[in-house]
> 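Dropping the structure in here first, questions after.
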Amino acid sequence: MTLSSPTRAGQALPAARSGWRRLLPYLLVLPGVAWLFVFFGVPLAQLAAASLYDPDGSLSTGYAMAWAFGNYPDVVQAYWPQLLRSFGYAGLALVLALLLGYPLAYAIAQKAGRWKNLLLVCVVAPMFTSFLVRTLAWKTILSDNGALVGLLRDVHLLAPQGRLLATPFAVVLGLTYNFLPFLVLPLYASLERLDHRLLEAAGDLYASGAQAFRRVTLPLSRPGLVAGTLLFFIPASGDYVNAELLGTPNEYMIGNVVDSAFLVRLDYPQGAALSFLLMAAILAVVFAHLRRAGTEQVW
């Protein structure tokens with residue numbers, strides 16, 4: 001009897017340590033989960049509730065919970081052009097960003113040599129300045145009396161009364177510029193890890209440069225490409241600053257409508273319903289994109 005007690009205690013100690021080891025990952029994650037719950041989950045639940053308020057309410061009379069699911073089809077019917085325009089502008093900006101960003105990321109990762117760090121700083125440096133200031137700078141660059149418009153008119157690439165500012169082109173250009181680093185950096189991270197021996201092997205197998213890019217470089221850079229396109233497209237589709245400063249009401253995106261609903265018209269049910277529809281549409285695009293990327297990776 002006297003010898004069995006220390007044995008049981010010795011067995012209990014490792015069991016207790018094993019239990020703490022199993023709990024440790026969950027304890028480490030707990031602060032992050034609590035943060036997301038307080039600052040994301042709770043506001044999201046409040047936004048969902050606001051989207052179902054009585055649309056006839058107001059800040060002065062108050063809003064009653066009427067479970068008004070009709071708010072959603074109403075806002076779709078009223079603002080579907082802005083919703084489609086948001087995804088159209090974001091898609092065009094994404095295509096332009098890919099045409100600019102992929103060669104840039106490849107050049108920095110594979111060809112820059114000792115200039116690599118300096119070029120990375122140049123990519124990130126604009127983000128040290130306020131988003132608003134950067135967009136206002138483009139407003140000056142694209143202004144009707146600016147040097148760029150004058151040059152395009154002189155070489156007859158722009159009509160004498162033509163303009164760049166307050167056009168869809170200006171909005172797409174602003175989106176491309178402001179969110180380009182979100183595309184370039186993940187692409188750079190993937191391309192920087194590219195094994196040159198694989199390209200040499202492709203050359204030994206008589207692959208042309210285009211074939212080596214299509215069969216080796218592009219598939220290996222796909223993780224960065226998927227991450228970069230999502231990081232670019234998600235904020236671009238919900239942006240409203242570029243359309244506000246570089247466009248006109250004819251170029252307004254869904255973000256401008258949400259901003260107006262909450263801060264100008266004080267129509268909280270409509271603004272909340274539009275916000276939820278925008279989130280749902282973006283999630284649908286994201287899941288479709290990830291599913292397609294996963295299928296391509298398998299094949």
Side-chain angles (χ1 to χ4, degrees), residues 29 32-33 36 40 44 83-112 116-117 119-127 131 171-199 201-202 207 209-239 242 253-255 275-299:
V29 172
V33 173
L36 289 175
F40 181 77
L44 192 64
L83 187 61
L84 293 181
R85 189 180 300 134
S86 298
F87 289 104
Y89 285 175
L92 289 174
L94 178 59
V95 172
L96 183 57
L98 285 171
L99 294 175
L100 297 173
Y102 200 103
L104 176 60
Y106 183 86
I108 296 174
Q110 300 295 325
K111 306 296 183 181
K116 181 182 298 185
N117 291 335
L119 291 174
L120 283 175
V121 170
C122 291
V123 171
V124 180
M127 300 180 69
F131 188 96
V171 178
V172 172
L173 188 63
L175 292 172
T176 304
Y177 168 76
N178 279 307
F179 298 110
L180 185 62
F182 296 109
L183 176 67
V184 172
L185 294 179
L187 273 174
Y188 164 79
S190 290
L191 292 168
E192 200 270 336
R193 296 193 297 267
L194 185 64
D195 191 345
H196 289 275
R197 292 174 298 180
L198 297 175
L199 297 176
Q211 289 174 328
F213 173 79
R214 183 171 60 87
R215 302 295 296 271
V216 179
T217 304
L218 187 59
L220 291 177
S221 65
R222 185 168 290 134
L225 189 61
V226 172
T229 52
L230 291 179
L231 289 174
F232 182 98
F233 183 82
I234 292 172
S237 58
D239 181 71
N242 288 279
M253 301 164 65
I254 198 64
S275 300
F276 249 85
L277 283 174
L278 179 61
M279 284 190 290
I282 290 176
L283 284 175
V285 171
V286 168
F287 284 133
H289 184 60
L290 291 176
R291 183 175 181 180
R292 179 180 179 184
T295 303
E296 292 177 352
Q297 187 72 24
V298 171
W299 288 104

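Throughout, numbering of the chain's residues begins at 1 and tracks the sequence.
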> Please give me the minimum heavy-atom distance between A90 and F232, naming the atom from each residue.
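Closest heavy-atom pair between A90 and F232: O-CE2, 4.2 Å.
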> Name all pairs fulfilling the side chain to side chain donor-acceptor pair (under 3.5 Å) condition that reach into residues 223-233, sequence neighbours left out, sorted by first residue then second.
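Non-adjacent pairs meeting side chain to side chain donor-acceptor pair (under 3.5 Å): T229-H289.
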> Sequence neighbours excluded, which residues qualify as side-chain contact (heavy atoms from CB on, under 4.5 Å) partners of R193?
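Listed in chain order: A189, S190.
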> Rounded to the nearest 0.5 Å, how far does CG of L94 lie from CG of L98?
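L98 atom CG to L94 atom CG measures 4.5 Å (nearest 0.5 Å).
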> Please list, one pair per line, the donor and acceptor atoms closer than 3.5 Å that link side chains of residues 275-286 to other protein atoms, with sequence neighbours excluded.
from	atom 1	to	atom 2	distance (Å)
S275	OG	G271	O	2.8

> Write out all pairs satisfying side chain to side chain donor-acceptor pair (under 3.5 Å) with one or both partners inside residues 84-99, taking only residues at least two apart or from two chains.
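Counting only pairs at least two positions apart or across chains, no side chain to side chain donor-acceptor pair (under 3.5 Å) contact touches residues 84-99.
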> Just verifying a value: how many Å separate I108 CD1 and L191 CG, rounded to the nearest 0.5 Å?
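Spacing of CD1 (I108) from CG (L191) equals 10.0 Å.
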> Could you pull out every donor-acceptor pair under 3.5 Å between side chains of residues 172-188 and any protein atom, sequence neighbours left out?
from	atom 1	to	atom 2	distance (Å)
T176	OG1	V172	O	2.8
N178	OD1	R134	NH1	3.4
N178	ND2	T135	OG1	3.4
N178	ND2	G174	O	3.0
N178	ND2	N242	OD1	3.0

> Please list all pairs passing the side chain to side chain donor-acceptor pair (under 3.5 Å) test where one or both residues lie in residues 102-112, with sequence neighbours left out.
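Qualifying pairs: Y102-S221, Q110-H196.
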